[in-house]
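Structure first, then comments.
Keep in mind that the numbers below use all heavy atoms, side chains included, and drop hydrogens, waters and symmetry copies.
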Amino acid sequence: MADRVHRVTMFKIASQEERDKLLAQYKILGQTHEKDGKPYILSLIVGPTEEDQRNQGYTLVCKTEFASLEDLKYYDDECKAHLEIKKVVRGLSVDGILTVFFKPQVVSGGSQ
């Protein structure tokens, strides 16, 4: 797991209807993502943030996990299912997006 690449994207979307629209598109991505004819996203987790001042206005979070930086770059630049996500986002009233990715250097817990 330590050599995998984790990507976190957070969205500031005030409208519940628009959050639901994006969440529905992520469900489609989860069923249709392919590279070389096979699913390649190791993990896709998406959900709304909990009400808390620490969320700084971010209302929806997506965490993806990839086997390599190459797969992450494919996701960003070529994946048809992710390109559809980008199209949906462009049609929404988004007040902010933050994306980061990393390779873990500390891994602990039962779900390694």
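Residues E18 and S93 share a closest heavy-atom pair of OE1-N, 2.8 Å. Scanning both residues, T32 and A81, for their nearest heavy atoms gives OG1-CB, 3.4 Å. Shown here for V5 and S68, the closest heavy-atom pair between the two residues is CG2-C, 3.7 Å. Contact record, E78 with L83: O-CD1, 4.0 Å, taken as the closest heavy-atom pair.
For the atom pair S43 OG and H6 NE2, the distance stands at 8.5 Å (nearest 0.5 Å). Distance check: L60 CG to K12 NZ gives 14.0 Å after rounding to the nearest 0.5 Å. Going from atom CD1 of I28 over to atom CG of L23 covers 10.5 Å, rounded to the nearest 0.5 Å. Expressed to the nearest 0.5 Å, how far CG of D95 lies from OG of S15 amounts to 11.0 Å. Remark: T49 OG1 to Q56 CD distance equals 11.0 Å, nearest 0.5 Å. Rounding to the nearest 0.5 angstrom, the gap separating the CZ atom in F66 from the CG atom in L42 is 8.0 Å.
In this structure, R19 contributes its side chain and A14 its backbone to a donor-acceptor pair below 3.5 Å. In this structure a side-chain-to-backbone donor-acceptor pair under 3.5 Å is present from T59 to I13. Side-chain N or O atoms of Q25 include none that pairs as donor or acceptor with a backbone N or O of E84 at under 3.5 Å.
Under the 4.5 Å side-chain criterion, counting only non-hydrogen atoms from C-beta, F101 is not in contact with V8. Residues H33 and L44 fail the side-chain proximity criterion, which asks for heavy atoms closer than 4.5 Å. I85 is not listed as a side-chain neighbour of Y75, based on a closest heavy-atom distance of 4.5 Å or more.
L92 and M10 are assigned to two separate hydrophobic clusters, defined by single-linkage of ILVMFWY side chains at heavy-atom distances under 4.5 Å. I45 and I41 are members of different hydrophobic clusters when ILVMFWY side chains are connected at heavy-atom separations under 4.5 Å. With hydrophobic clusters built from ILVMFWY side chains whose heavy atoms lie under 4.5 angstrom apart, L22 does not share a cluster with L98. A single hydrophobic cluster is seen to contain both L29 and V46, as judged by linkage of ILVMFWY side chains at heavy-atom distances under 4.5 Å, directly or through other members.
Within a 6.0 Å sphere centred on OH of Y40, heavy atoms belonging to other residues, nucleotides or ligands number more than 12. Within 6.0 Å of NZ on K27 lie no more than 12 heavy atoms contributed by other residues, nucleotides or ligands.
Residue pairs meeting the salt bridge (Lys or Arg N to Asp or Glu O under 4.0 Å) criterion with at least one member in residues 35-56, sequence neighbours excluded, are K35-E70, K35-D71, D52-R54.
Applying the ring-ring contact (aromatic ring centres under 6.0 Å, His included) criterion to Y58, with sequence neighbours excluded, gives no partner residue.
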